[in-house]
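Shown next, in structure tokens, is the structure this report addresses.
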Amino acid sequence: MDLIDLRSDTVTRPSEAMRAAISAAPVGDDQFGDDPTVNLLQARIADLLGKEAALFLPSGTMANQIALRLYTRPGDDVIVSRQSHAVWHESGAAAANAGVQFTEVGAEGLFTADDVAAAIKAPGHLLYPPTTLVEVENTHNRAGGVIFPTAAATSICAVARGHGIATYLDGARLWNAAGSLGRPIGELAAPFDLVSVALSKGLGAPGGSLIAGSRDDITRAVRYRRMAGGAMRQIGIFAAAGLYALDHNVDRIVDDHANARLIGERLAASPRVRLDLATVQTNILVIGLTNDAPDGPTVVARARERGVLVFAFDPRTIRAVTHLDVDRMACLRAADVLADIVSGAN
Ligand SMILES: *Cc1c(COP(=O)(O)O)cnc(C)c1O
């Protein structure tokens, strides 16, 4: 039985054509600046995001960690959305590496300039830790792939700048946001000092993220990448997959959104599911299970027996993510299986 793997959009495998692009890529030692393929990718990403320079990193987690090193000092306060990746999905790295604390604001992955203004702690206060960075996550993973409103992002960055506070966009799924809005990705990146994007999520490449920002910040980031053990050598192997994905896998990303919508509509019809279809804006479904439904781990185990893989966030929440390795038919089948399981005995 072919598994329908909806645990994440990171589970995709490189296609034959992507593997051919990887195989043909010229490479060199990137620490000497000698890898032509990664140099090309960095230039192309900087251009797409409207920034001066970009830098390849092994992962989005490292991108988030480097953003903290660039703009904060140990003991500083960083404003983030509730349930952000930086707080929940990085094994405590921010505290361990950058030594910062977080202030979570807003609701359902979103917040406003007013939320930021109210949360800012000014430097030089007798008691308070200074706020030195505001981070936005777009789309927001744990809030179900919701898109951060561009107007709010712009006002938030203006407020932050007015206080001398840096701004960072965790754009691991920025192509999903841009695709859904039908806007260029650079427009969503414009208000921020630094932006990260992932090759390994909706774009379907085997690994890698990039950060883009001012030339000064990217130059400083090269050192933090080295300190984090993230400086590699012939990374054109990865960059070639990224370049291939930019040419072939960006426009189709909206298909993933349509497929997520299909699953969402099927499941939201169940009285045992808590899912606000208004939050199903891109490729992520965070599905709440009522008390009369089987719990999350049970749904995950039963779905696996029937060839569908999903991820349990907590005892009453599962997540399903669509991507380029699951087509419409597979998503319809997964929706049937999940709907059947949630309506079964608990
Ligand atoms: C996946 C993800 C990351 C981290 O990416 P990795 O490459 O898995 O380390 C960062 N931010 C968000 C919002 C993500 O979804």
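Read the numbers this way: they start at 1 and go in the same order the structure lists the ligands and their atoms.
- For D34 (side chain) and G28 (main-chain N/O), no donor-acceptor pair under 3.5 Å exists by modelled atom type.
- Where the criterion is an N or O separation shorter than 3.5 Å, residue side chain and backbone included, N141 meets it with respect to ligand 1.
- Those atoms of ligand 1 with a heavy atom of K201 less than 4.0 angstrom away are 1 (C), 2 (C), 3 (C), 4 (C), 5 (O), 14 (C), 15 (O).
- The shortest distance between side-chain heavy atoms of N39 and F56 does not fall below 4.5 Å.
- With R142 as the fixed residue, the side chain to side chain donor-acceptor pair (under 3.5 Å) test singles out one of H89, E137, H85, E108: H89.
- Interatomic distance, L275 CG to T279 OG1, rounded to the nearest 0.5 Å: 5.5 Å.
- In summary, the atoms of ligand 1 found under 4.0 Å from a heavy atom of S59, numbered by their order in the structure, are 7 (O), 9 (O).
- Residue R226 places its CZ atom among 12 or fewer non-hydrogen atoms of other residues, nucleotides or ligands, all under 6.0 Å distant.
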Apply side-chain contact (heavy atoms from CB on, under 4.5 Å) to N97 and L68, showing your working.
-> CA-CA 9 Å; N97 297 329; L68 296 174; over 6 Å; no
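- Protein heavy atom nearest atom 6 (P) of ligand 1, with residue, atom name and distance: G60 N, 3.4 Å.
- Each of the following atoms of ligand 1 lies closer than 4.0 Å to a heavy atom of E137: 13 (C).
- Side-chain contact annotation: T322 with N259, donor-acceptor N/O pair under 3.5 Å absent.
- Neither the backbone nor the side chain of T10 comes within contact range of ligand 1; no heavy atom lies under 4.0 Å.
- Here D170 has side-chain heavy atoms under 4.0 Å from ligand 1, and that is the only part of it that gets that close.
- Remark: minimum distance from atom 3 (C) of ligand 1 to any protein heavy atom is reached at H85 NE2, 3.2 Å.
- The shortest N or O to N or O distance between T61 and ligand 1 is under 3.5 Å.
- Checking I287, I318, V280 one by one against L267, the side-chain contact (heavy atoms from CB on, under 4.5 Å) holds for a single residue, I287.
- For ligand 1, the atoms sitting less than 4.0 Å from at least one non-hydrogen atom of N64 are 10 (C), 11 (N), numbered in the order shown with element in parentheses.
- At a 4.0 Å cut-off, not a single heavy atom of M62 sits close enough to ligand 1 to count as contact.
- Using 4.0 Å as the threshold, R173 has a heavy atom nearer than that to some atom of ligand 1.
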